[in-house]
Amino acid sequence: MREIEASAVTEAITDLFIQANYELTDDVISALKLARQQEESPAGREALDKILENASIAGEERVPLCQDCGTALVFIELGQDAHITGGDLYQAVNEGVRRAYVEGYLRKSMVEKPFSERTNTQDNTPAVIHTTVVPGNRLRIIALPKGAGSENMTRLGMLTPASGRQGVIDFVVKAVEEAGANPCPPGIIGVGIGGTAERTLLLAKQALLRKVGEPSLDSETSNLEKDILDKVNRLGIGPMGYGGRITALAVHIETSPAHIGSMPVAVSLQCHSARHREITL
Amino acid sequence: MTKEITLPLTKEVIKDLRAGDSLSLSGVLYVVRDAAHKRIVAALDKGEPLPFELKGETIYYMGPSPAPPGKIIGAAGPTTSGRMDPFTPRLLAEGLKGMIGKGSRSEEVMEAIKKYGAVYLGAIGGGGALLSRKITKAEVIVYEELGPEAVLRIEVKDFSVTVINDSYGGDLYVEGKKKYRIEN
């Protein structure tokens, strides 16, 4: 049994959310630069120039990339032979979020009583935490600050098995087309296929955690990723919806076995400010 | 070519604007988003005075991140405008002339933009750090308790926007997409 201090979790979470909100990772920058090269529309090119300039200013001047510093999404993979000491794991995570958002000058966007008073919690807690238990004695933490603009465009479809591959393509392309300019394109299209309703939504979101454009390890799935990206980039929506060739930087698909009577499909859209950071303790 | 515009927007300026135009704005904007829209429309319903004069002004749909020490404001990019749609025709009827945000508007809002001779402008979503540099002054004028949703009066200089919906029914989101769409 390996011991991991709760305070180390708090510190890691604080650093991850601050870093994610101020600096894009190299894979995102490269994907945006490639999009800039490929884009044919002048308005789309100008939007991509501004997006890249924004990333340099955020890093240099220590201003967050986007004022929507997101819901604090935290993915935890806890090794079954690791033991958290000196405190409660989820309290440690929330303390880390509190410190990041208060000390890091990040916007606090969480409200209590969502359908009535909508009172701001003042520290961006509670985090939304997804935990899986895995073999080993390590603790992997991924921080994903996710803005509302893209999150609000999430779609779940309880497709029938008869819909098949084409049904998936049509559903995802329709979701992207209906979202239009709202989720701040060009971003990443996360897709979950299979499982149950809630499983497929989680898969779609987990798909966003890959490096931009890293294909699925399964060739059948990676071919579907390519076909959907091609279709999406024929829509003409373009950067910021101003018209253009690059509506998405990548399509990432995660799959899971499904019931004989079901084929759930979920689409989770990530804006161009694809911010996530991870650490393994 | 970018048009230099000094705020507030006048009738003549609005008549000249077409979907797709690039503008550089300088002058005063009012920052108002979800919760404050609800309060403003409630005040209008009750016949109460408004926290600021709407006539002829431009609203920026935005909720900034906190200003770090030594800075005027934090990241300050646009939020999704569609959430304000239920309130917007009412504000346009009261004389609001311009709106800045990102994302598409409802049929009702687009009709009201035409009817009242207004304009909807898009700023770069996710461009919060870049846009914060264009803000030269920022003060909370009302609803401070709403935190990031408080109403601000800001002054901007060379603030880049693109015309999305003009006063003639033009829509950049529709026209741009049509131009670059590849039918299978």
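Lettering of chains follows the sequences in order, A, B, ..., and the numbering in each one begins at 1. Everything numeric in this text was worked out from a predicted model, so none of it was measured.
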Non-hydrogen contacts under 4.5 angstrom with chain A: give the residues of [range] involved, or none if there are none.
| range | answer |
| --- | --- |
| residues 139-157 of chain B | B:P148 |
| residues 57-67 of chain B | B:G63, B:P64, B:S65, B:P66, B:A67 |
| residues 28-36 of chain B | B:R33 |
| residues 69-92 of chain B | B:P69, B:K71, B:G74, B:A75, B:A76, B:G77, B:P78, B:T80, B:R83 |

As an exercise: rank [options] by heavy-atom pairs under 4.5 Å with chain B and give me the winner.
| options | answer |
| --- | --- |
| A:I51, A:L106, A:N120, A:N152 | A:L106 |
| A:A55, A:A181, A:P64, A:A58 | A:P64 |
| A:N21, A:N54, A:T119 | A:N54 |

Would you call [X] and [Y] a salt bridge, taking side-chain N to carboxylate O under 4.0 Å as the test?
| X | Y | value |
| --- | --- | --- |
| A:E23 | A:R62 | yes |
| A:R165 | A:D227 | yes |
| A:E46 | A:K50 | yes |
| A:E177 | B:R181 | yes |

Heavy-atom proximity to chain B below 4.5 Å, by part of [X]:
| X | answer |
| --- | --- |
| A:E61 | both |
| A:R118 | neither |
| A:L65 | backbone |

query: When rounded to the nearest 0.5 angstrom, what distance separates OG in B:S26 from CD in B:E4?
result: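 If we round to the nearest 0.5 Å, B:S26:OG and B:E4:CD are 7.0 Å apart.
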Requested in this report: Counting only heavy atoms closer than 4.5 Å, note whether B:S104 contacts chain A via side chain, backbone, both or neither.
Outcome: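 Both backbone and side chain.
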Would you sort out whether A:R98 and A:E103 count as a salt bridge (charged side-chain N to carboxylate O under 4.0 Å, His left out), showing the intermediate values?
CA-CA 8 Å; A:R98 184 173 295 120; A:E103 293 164 17; over 6 Å; no
- prompt: Taking it one step at a time, do B:E111 and B:K114 satisfy salt bridge (charged side-chain N to carboxylate O under 4.0 Å, His left out)?
  reply: CA-CA 5 Å; B:E111 274 309 309; B:K114 272 201 314 196; 3.8 Å; yes
Side chain to side chain donor-acceptor pair (under 3.5 Å) between A:S150 and A:K146, intermediate numbers included
CA-CA 8 Å; A:S150 58; A:K146 183 100 171 24; 3.2 Å; yes
Next on the checklist: Using a 4.5 angstrom heavy-atom cutoff, name the option from B:E175, B:E183, B:R133 with the most pairs to chain A.
Outcome noted: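 The answer is B:R133.
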Salt bridge (charged side-chain N to carboxylate O under 4.0 Å, His left out) for A:E40 and A:R245? Distances and angles first, verdict last.
CA-CA 7 Å; A:E40 291 168 27; A:R245 301 281 181 227; 3.0 Å; yes
